[in-house]
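So the structure is just underneath, and the comments pick up after that.
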Amino acid sequence: MPKRHLVTSALPYSNNRLHVGHVAGAYLPADIYVRYLRARGDEVLFICGSDDNGVAIEISALQTAQTPQEVCTFYNQRQKADFAGLGMAFDIYGGTHQPQYVKLHNRMSQEFFRRIHDKGHFVKRRTRQLYDGHHQRFLPDRYVRGTCPLCRDHETYGDQCEKTGAVIDALALIKPRSTLPPYAAPEVRETAHWYLRLNEFERPLREWLESKQGSWRPSVLNFALGQIRQGLPERAMTRDISWGIPVPLDDPDAAGKVLYVWFDAPIGYVSFTAALCVQRGGDEQDYRQWWCDPATPITHFIGEDNTVFHALIWPAMLMAEGQHQLPSAVVANQFVNFRVGGELRKISKSETPQDSPVWIEEYLKHFDPDALRYYLTAIAPETARTAFDTDDFVARNNNELVAALGNFVNRVLTFKSLEGRVPSRSAQTDFDRQHVARGAEAIEKVGRHIEAHRYKAALDEVMAFARLCNEHVGIREPWKTRKDNPPDSFAALATCIHGIHHLAVLVHPFMPGVAQRLRAMLGLPDEPPRWQAPAPLAEGHPLGPPAILIPKLEPGALTAGA
RNA sequence: UGCGGGGUGGAGCAGUUGGUAGCUCGCCGGGCUCAUAACCCGGAGGUCGUAGGUUCGAGUCCUACCCCCGCUACCA
């Protein structure tokens, strides 16, 4: 494995609060991966920040009588705080339109656009589009309502029939109305846009994707290859809105237009990397060490909705632009729904209660971030959608995390005869040594799972070792030999303590807070562990004060205040 | 219509290149008492969505079909 990695998590759109689905999809797995790589001794840059441009923020602002800048900065700050509360180890959390980053980001995005333009990969096309005369703006199809031109019997949005799901032409809507007050009837105007000729990249994209067979998840690969098989359409990379990055062309048709958010958002990964290089006292151009060096793998963690952009459009942009590496891996997770009373629901701003613990901000007011990290990894939507269930959360916390891991640590470290010190292991048995070897094996296996992005399997392996530790004490019964064979009892306990030391390593990528508490209880310095089997602590090594590692939750704890 | 994902014991999930189906939780029975009523041992429970096919042998490959979900948007 290489020594240097660039890891990104999808840029959250800054017009909403974060919920557990976001975290389980694009952030937590990435954080686990990064923590593991660092523990292994590799050099990692972990890049994230908010996606601040685009029509959705512009319209949110319009609806709440704020400026787009106010909207995106407000949510950028809240999201950043949520991530910090969850322990996300980003090296930088930028924002494509935040004051500290916008200048560099705009410049790099415009340069990117220009290079693609100069190489002839865009085509300019004229189209007709609905225009809201009151707001003096073009309306995305989603922001127009009217009578469905197919069924002719109901109101629908301008993009899709709500009854049949069929795609409709917004220009064909009968009696169209803007969805923006005062709901003016839109007029049709002509406009010009620059389209990326994706079809030119079908073959290189297919070859590139096929080279990933066996290492990428089938959901990403098959989806992307399926799209190519159907033929990639041209996609407009410019928009008729004002909140975004001006199109950097002299062409009069470019006046007043901005880059499509999905054009500039992935460039955010690059511009934030450059910003980080500057923050660390280097040069902006140092970002090339991470983006242009084939020995540095780039891994994008995303939610399933971003697959088309990260597996097709962004790679095509990179091919068109020609100066950067393609992603080494695109790790996509499915969505997480919310189960309430046995019923599955989507998590949404309008329907999910504002004080529900599925909102990270709400969760963190009452509970331990690591319990959430545990649960979200246990239900990781790696191959299919899963559900966040508050009762299941409490059950897993109490019956798995607390019972197997927390309780094991507690039953060993509170053992009376220890007197705060690591006892002698001189009477260790073969069984004890074998157990220690199993801990080392677990560290290896978990590492392999994480490298393959199998986080659920990795966590299972961690918990399997915790259970093995319980089994080991159960068989050794140091409480029975305490009086008649103290050396044997002590050796068993020393082995258990060594097991806890292994657990402190194993748990670190998943639950950094738990790992830190374990190290404190073991009397170890407060520094991140190395990903290797720890040497046994010397006899007499002073232990820290034992404490409850993970609190047990009352049934219904998560539903009570939410 | 097209593309993609999923359909495995009560629940949640694993099942890499085909070889009598595993894990966690829950449940039942027993044990232990160091421990956050935690832990350990044993047990019951599945004809792997349906119907065919290939094979000595298929959850695992092929065909058809059914169900759920997403995409098929100028929404991030």
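By convention in this document, chain letters (A, B, ...) are assigned in the order of the sequence lines, proteins followed by strands, and residues within each chain are numbered from 1.
Put simply, the side chain of A/T96 gets close to the backbone of A/D52: a donor and an acceptor are under 3.5 Å apart. Distance alone, capped at 3.5 Å, is enough to place a donor-acceptor pair between the A/D370 side chain and the A/V514 backbone.
One finds the CD atom of A/E461 at 10.0 Å from the CG atom of A/L468 (value rounded to the nearest 0.5 Å).
Listed nucleotides B/A35, B/A14, B/A76 differ in distance to A/R411; the shortest reach to its side chain belongs to B/A35. For A/K552, whose side chain is taken as the heavy atoms from C-beta onward, the closest listed nucleotide among B/C75, B/C71, B/A37 is B/A37. Closest approach to the A/Y260 side chain among B/U36, B/C75, B/C13 is made by B/C75 (side chain taken as heavy atoms from C-beta onward). Out of B/C75, B/C34, B/G5, the shortest distance to the side chain of A/R239 is found at B/C75. Between B/U33, B/G70, B/A76, one nucleotide has an atom nearer to the side chain of A/R385 than all others, and that is B/G70. Which of B/A14, B/C34, B/A76 sits closest to the side chain of A/T383 comes down to B/A14. Among the nucleotides B/A35, B/G6, B/G4, the one closest to any side-chain atom of A/K416 is B/A35. Of the candidates B/G12, B/C13, B/G70, B/G12 carries the atom nearest the A/R396 side chain, counting heavy atoms from C-beta on. Considering only the side chain of A/R467, B/C25 comes nearest among B/A38, B/C25, B/C74. Closest approach to the A/D51 side chain among B/U36, B/A35, B/A76 is made by B/A76 (side chain taken as heavy atoms from C-beta onward).
Between the side chains of A/Q334 and A/T383, not a single donor N or O lies within less than 3.5 Å of an accepting N or O.
As rounded to the nearest Å, B/C39 and B/A51 have C1' atoms that lie 48 Å from one another. The same atom, P, is picked in B/U63 and in B/C25; the two are 39 Å apart, to the nearest Å. Rounded to whole Å, the P atom of B/C3 lies 45 Å from the corresponding atom of B/A44. Separation of the C1' atoms belonging to B/A73 and B/C62 is 36 Å when rounded to the nearest angstrom. Rounded to a whole angstrom, the distance from the C1' atom of B/G12 to that of B/G46 is 15 Å. Nucleotides B/G7 and B/G43, compared at atom P, are 28 Å apart to the nearest Å. Using atom P as the reference point in both B/C41 and B/U54, the two lie 46 Å apart (nearest Å). With P as the reference atom, B/C61 and B/G2 are 22 Å apart, rounded to whole Å.
Remark on RNA chain B: of its neighbouring residues A/E304 and A/D392, the 5'-side contact belongs to A/D392, judged by nearest-heavy-atom nucleotide. The nearest heavy atom of RNA chain B to A/A403 and to A/V412 marks one nucleotide each, and the one closer to the 5' end goes with A/V412.
Residue A/Q129 places a side-chain atom within donor-acceptor reach of the base of B/C74, judged by atom type and a 3.5 Å distance cut-off alone.
Distance A/E471 CD to B/C32 P: 18 Å, rounded to the nearest Å. For the pair A/N399 CG and B/C40 P, the computed distance is 12 Å after rounding to whole Å. In this structure, A/N470 atom CG and B/C34 atom C1' are separated by 11 Å, rounded to whole Å. Here B/U24 presents its P atom at 11 Å from OH of A/Y374, a figure rounded to the nearest Å. Across the protein-nucleic acid pair, A/N306 atom CG and B/C71 atom P stand 12 Å apart, rounded to whole Å. Between A/L493 atom CG and B/C34 atom P there is a gap of 13 Å when expressed in whole angstrom units. Distance, A/L401 CG to B/U36 P: 17 Å, rounded to whole Å. Taking atom CD on A/E234 and atom C1' on B/A73, their separation rounds to 17 Å, with Å as the unit.
The residue A/T127 sits apart from the nucleic acid: no heavy atom pair falls under 4.0 Å. Contact annotation for A/R235: no contact, since no heavy-atom pair falls under 4.0 Å across all strands. Using a 4.0 Å heavy-atom criterion, one finds that A/V55 contacts the sugar-phosphate atoms exclusively. Here A/I475 lies out of heavy-atom contact (under 4.0 Å) with every strand. Here A/A395 lies out of heavy-atom contact (under 4.0 Å) with every strand. At the heavy-atom level, A/G474 lies nowhere under 4.0 Å from the strands shown. At the heavy-atom level, A/A236 lies nowhere under 4.0 Å from the strands shown. Residue-level contact check: A/V261 touches the backbone only, with heavy atoms under 4.0 Å from sugar-phosphate atoms and none from bases. Residue contacts for A/L413: at a heavy-atom cut-off of 4.0 Å it reaches no nucleic acid atom on any strand shown.
Between A/F113 and A/F263, the ring planes lie perpendicular to each other; the angle is over 60°, past the 30° to 60° tilted range.
None of A/D368, A/L459, A/I550, A/N397 except one satisfies the side-chain contact (heavy atoms from CB on, under 4.5 Å) rule with A/Y374; the exception is A/L459. Of the residues A/R425, A/H498, A/H472, the one that meets the side chain to side chain donor-acceptor pair (under 3.5 Å) test with A/D432 is A/H472.
Taking the six-membered ring where the residue is Trp, the centroids of A/Y260 and A/H193 are separated by 6.0 Å or more. Aromatic pair A/F388/A/H19: centroids not less than 6.0 angstrom apart.
For B/G29, the paired nucleotide is B/C41, the pair qualifying as Watson-Crick or G-U wobble because both relevant distances are below 3.5 Å. Across all strands shown, the partner of B/G12 is B/C23, judged by Watson-Crick or G-U wobble contacts whose two distances both fall under 3.5 Å. Across the strands present, B/C3 finds its partner in B/G70; the criterion is a Watson-Crick or G-U wobble pair with both atom distances under 3.5 angstrom.
A sub-4.0 Å separation between OP1 or OP2 of B/G70 and a side-chain N or O of A/K346 is present.
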